[in-house]
**Student:** 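Dropping the structure in here first, questions after.
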Amino acid sequence: MRRFEGKCAVISGGNKGIGLAIAERFASEGANIVIGAIEADLSPAEQALAGCGTGVVAQRCDVTKADEVRALFEAAEAFGGVDIAVQNAGVITIAKVEDLTEGEWDLNLAVNTKGAFLCCQEAIRRLRARGKPGRLINTASGQARDGFIFTPHYAASKFGVVGMTQSLAKEVATEGITVNAICPGIIHTDMWDYNDREWGKLMGDYAPGALMEEWVQGIPMKRAGTGADVAALVAFLASADASYITGQTINVDGGLIMS
């Protein structure tokens, strides 16, 4: 399918893991891609997308800084402007409450919640200026449904994404702009390698991979997800088939959380 031919998708945190899988899915369906990420070297992501035959721009972007977010969306003007914005940049740290620092709290809220807002704000501003419809998809988390142990700051940041999604969806509902959120569960990514290691230390000195495998057994489908699983949902929400869906938060987790 080439559902996004001629459109431009801006993806924060699009250089690896779930974000890169989303970028690859959109590119495979004809979209031009603008990737933003905090890393200085984005050439691996550019190379991964090079064979798709669509335009690709990858540039450094700290989503906590409005001027860098503005520059990221300005890059989309080379392709006629943003049509789809995926707010995927995110961080997590794991610590017992007495060890959790103010800096960790601020970082999680700044990247995961404020960063998603700044990207949504810039996307909406540009879509409104051109009178164009658009699709905004925000990456929340299973922790936006059920806060987990040793991560109150991360859970708070992702609950915030859901609330923001609902508020923005109501504001732009008559303008052809939809705003939805996704809640990935246990997904094979670098972040989940970190989660497995750090939660494992705090929950019983698990060997690497053992805790994640234990949790996977609690998933009805008995497997962790992939970036492609998440990208399929994002592509649907960005498509014309989802034009009457807005303000929703959808789990993609193999049935781990059914609410």
**Student:** May I ask you to check whether Trp199 and Tyr206 place their ring centres under 6.0 Å from each other?
**Tutor:** no

**Student:** If you measure from SG on Cys52 to CG on Asn32, what distance do you get to the nearest 0.5 Å?
**Tutor:**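 Spacing of SG (Cys52) from CG (Asn32) equals 11.0 Å.
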
**Student:** When rounded to the nearest 0.5 angstrom, what is the spacing between CZ in Arg125 and SG in Cys120?
**Tutor:** 12.0 Å

**Student:** Using a 3.5 Å distance criterion without hydrogens, assess whether the side chain of Gln217 forms a donor-acceptor pair with backbone atoms of Glu214.
**Tutor:**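 No: the side chain of Gln217 does not pair with the backbone of Glu214.
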
**Student:** Say whether, by atom type as modelled, one donor and one acceptor occur between the side chain of Thr64 and the main chain of Val111 under 3.5 angstrom.
**Tutor:** no

**Student:** Where is the tightest heavy-atom contact between Lys16 and Asp190, given as atom of each residue plus distance?
**Tutor:** CD-OD2, 4.3 Å

**Student:** Measure across Tyr194 and Ile92 and return the closest heavy-atom pair with its distance rounded to 0.1 Å.
**Tutor:**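 Where Tyr194 meets Ile92 most closely, the heavy atoms are CE2-O, 3.7 Å.
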
**Student:** Before giving the answer on side-chain contact (heavy atoms from CB on, under 4.5 Å), spell out for Val252 and Cys183 the whole-Å C-alpha distance, their side-chain angles and the decisive distance to 0.1 Å.
**Tutor:** CA-CA 6 Å; Val252 51; Cys183 288; over 6 Å; no

**Student:** Could you tell me which residues satisfy side chain to side chain donor-acceptor pair (under 3.5 Å) with Lys170, sequence neighbours excluded, listed by chain and number?
**Tutor:**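 With sequence neighbours excluded, Lys170 shows a side chain to side chain donor-acceptor pair (under 3.5 Å) to no residue whatsoever.
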
**Student:** Between Val86 and Phe26, does a side-chain contact (heavy atoms from CB on, under 4.5 Å) hold up when you go through it step by step?
**Tutor:** CA-CA 11 Å; Val86 182; Phe26 278 126; 3.9 Å; yes

**Student:** Going by an N to O cut-off under 4.0 Å, is there a salt bridge joining Arg2 and Glu29?
**Tutor:**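 Answer for the salt bridge query: no.
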
**Student:** Mind checking side chain to side chain donor-acceptor pair (under 3.5 Å) for Glu46 and listing every partner two or more places apart, or none if nothing turns up?
**Tutor:**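 Glu46 satisfies side chain to side chain donor-acceptor pair (under 3.5 Å) with no other residue.
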
**Student:** Is there a path of hydrophobic side-chain contacts, each under 4.5 Å between heavy atoms, that joins Phe73 and Ile35?
**Tutor:**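 Phe73 does not cluster with Ile35.
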
**Student:** Please check: side-chain N/O of Arg130 versus main-chain N/O of Gly80, any donor-acceptor pairing under 3.5 Å?
**Tutor:** yes

**Student:** Please find the pair of heavy atoms, one from Gly81 and one from Cys8, that lie closest to each other, and give the distance.
**Tutor:**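 Distance-wise, the nearest heavy atoms are O-CB, 3.4 Å.
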
**Student:** Are side-chain heavy atoms of Ile84 and Val10 found at a separation under 4.5 Å?
**Tutor:** no

**Student:** Check for a donor-acceptor pair, side chain of Thr165 on one end and backbone N or O of Val161 on the other, with a separation under 3.5 Å.
**Tutor:** yes

**Student:** Check the pair Arg60 / Glu39 against salt bridge (Lys or Arg N to Asp or Glu O under 4.0 Å), numbers first and verdict last.
**Tutor:** CA-CA 6 Å; Arg60 188 184 185 283; Glu39 289 82 359; over 6 Å; no

**Student:** When you measure from the side chain of Glu68 to the backbone of Asp62, do you find a donor-acceptor pair of N or O atoms at a distance under 3.5 Å?
**Tutor:** yes

**Student:** With rounding to the nearest 0.5 angstrom, report the CG to CG distance, Leu72 to Asp67.
**Tutor:**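 It comes to 11.5 Å.
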
**Student:** Just by distance, do the side chain of Gln248 and the backbone of Thr246 share a donor-acceptor pair under 3.5 Å?
**Tutor:**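 Yes; at least one donor-acceptor contact below 3.5 Å.
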
**Student:** Counting only heavy atoms not in Lys96, do more than 12 sit closer than 6.0 Å to its NZ atom?
**Tutor:** no

**Student:** Given the rule in the salt bridge (Lys or Arg N to Asp or Glu O under 4.0 Å) test, do Glu122 and Arg126 qualify, once you have shown the distances and angles that lead to the verdict?
**Tutor:** CA-CA 6 Å; Glu122 191 64 27; Arg126 290 173 182 273; 2.8 Å; yes

**Student:** Backbone N or O of Lys7 within a donor-acceptor pair of the Asp83 side chain at under 3.5 Å?
**Tutor:**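 No.
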
**Student:** For a quick test of reading the model, state the closest non-hydrogen atom pair linking Leu256 to Gly218 and the distance between them.
**Tutor:** CD1-O, 3.9 Å

**Student:** Do Met164 and Ser167 make a side-chain contact, defined as non-hydrogen atoms from C-beta onward lying under 4.5 Å apart?
**Tutor:**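 Heavy-atom side-chain distance check fails, nothing below 4.5 Å.
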
**Student:** In a check of side chain to side chain contact (heavy atoms under 4.5 Å, CB included) between Ser12 and each of Ile38, Val34, Val63, Thr139, which one passes?
**Tutor:**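 The side chain to side chain contact (heavy atoms under 4.5 Å, CB included) with Ser12 is passed solely by Val63 among Ile38, Val34, Val63, Thr139.
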
**Student:** Looking at side-chain heavy atoms only, is the closest gap between Leu100 and Pro152 below 4.5 Å?
**Tutor:**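 They are in contact (side-chain heavy atoms under 4.5 Å apart), so the answer is yes.
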
**Student:** When rounded to the nearest 0.5 angstrom, what is the spacing between OG in Ser28 and CZ in Arg3?
**Tutor:**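 Between Ser28 OG and Arg3 CZ, I get 9.0 Å after rounding to 0.5 Å.
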
**Student:** Please give me the minimum heavy-atom distance between Phe79 and Val56, naming the atom from each residue.
**Tutor:**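 Where Phe79 meets Val56 most closely, the heavy atoms are CZ-N, 4.0 Å.
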
**Student:** Are Val69 and Val57 linked, directly or through other ILVMFWY residues, by side chains that come within less than 4.5 angstrom of each other?
**Tutor:**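 Hydrophobic grouping puts Val69 with Val57.
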
**Student:** Tell me whether Phe236 is reachable from Ile182 by hopping between hydrophobic residues (I, L, V, M, F, W, Y) whose side-chain heavy atoms are closer than 4.5 Å.
**Tutor:** yes

**Student:** Which residue in the set Ile137, Val234, Leu233 passes side chain to side chain contact (heavy atoms under 4.5 Å, CB included) when paired with Ile250?
**Tutor:**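 Exactly one pass, corresponding to Leu233.
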
**Student:** Are Phe4 and Leu136 linked, directly or through other ILVMFWY residues, by side chains that come within less than 4.5 angstrom of each other?
**Tutor:**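 No.
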
**Student:** Apply side-chain contact (heavy atoms from CB on, under 4.5 Å) to Lys201 and Asp205, showing your working.
**Tutor:** CA-CA 5 Å; Lys201 291 176 184 176; Asp205 196 25; 5.7 Å; no

**Student:** Hey, are the side chains of Ile18 and Ile22 touching, using non-hydrogen atoms and a 4.5 Å cut-off?
**Tutor:** yes

**Student:** Got Thr101 and Trp105 here, is their nearest side-chain heavy-atom distance under 4.5 Å?
**Tutor:** no

**Student:** Return yes when atom CE of Met221 has more than 12 non-hydrogen atoms of other residues, nucleotides or ligands closer than 6.0 Å, and no otherwise.
**Tutor:**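 No - once you tally the heavy atoms of other residues, nucleotides and ligands closer than 6.0 Å, there are 12 at most.
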
**Student:** Checking Ile186 against Asp253 for the side-chain contact (heavy atoms from CB on, under 4.5 Å) test, could you report, in this order, the C-alpha distance in whole Å, the side-chain angles of both residues, the deciding distance, and whether it holds?
**Tutor:** CA-CA 7 Å; Ile186 299 174; Asp253 63 5; over 6 Å; no

**Student:** Between Trp215 (side chain only) and Asp196 (backbone N and O only), is there a donor and an acceptor less than 3.5 Å apart?
**Tutor:** no

**Student:** For the residue pair Met212 and His188, establish whether any side-chain heavy-atom pair is separated by less than 4.5 Å.
**Tutor:** yes

**Student:** Ignoring hydrogens and angles, tell me if any N or O in the side chain of Asn138 forms a donor-acceptor pair with the backbone of Ala181 under 3.5 Å.
**Tutor:**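 Looks like no, no N/O pair under 3.5 Å.
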
**Student:** Enter the distance from Cys61:SG to Leu42:CG here, rounded to the nearest 0.5 Å.
**Tutor:** 10.0 Å

**Student:** Thr249 versus Asn180: any side-chain heavy-atom pair under 4.5 Å?
**Tutor:**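 No, side chains not in contact.
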
**Student:** Is there any side chain to side chain donor-acceptor pair (under 3.5 Å) pair reaching into residues 140-161, and which pairs are they, with sequence neighbours excluded?
**Tutor:**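 Qualifying pairs: Thr93-His153, Asn112-Ser157, Gln143-Thr151, Arg145-Asn251.
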
**Student:** Please give me the minimum heavy-atom distance between Arg135 and Gly176, naming the atom from each residue.
**Tutor:**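 So the minimum-distance heavy-atom pair works out to NH1-O, 3.7 Å.
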
**Student:** Please determine whether a side-chain nitrogen of the Lys or Arg among Arg128 and Glu171 lies less than 4.0 Å from a carboxylate oxygen of the Asp or Glu.
**Tutor:**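 Yes, this pair counts.
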
**Student:** Does Thr178 use its side chain to pair, donor to acceptor, with the backbone of Ser243 at less than 3.5 Å?
**Tutor:** no

**Student:** Kindly work out whether a path of hydrophobic side-chain contacts (I/L/V/M/F/W/Y, heavy atoms less than 4.5 Å apart) joins Leu127 to Leu168.
**Tutor:**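 Result: yes, single cluster for both.
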
**Student:** CG of Leu202 to CZ of Arg197: how many Å apart, nearest 0.5 Å?
**Tutor:** 12.0 Å

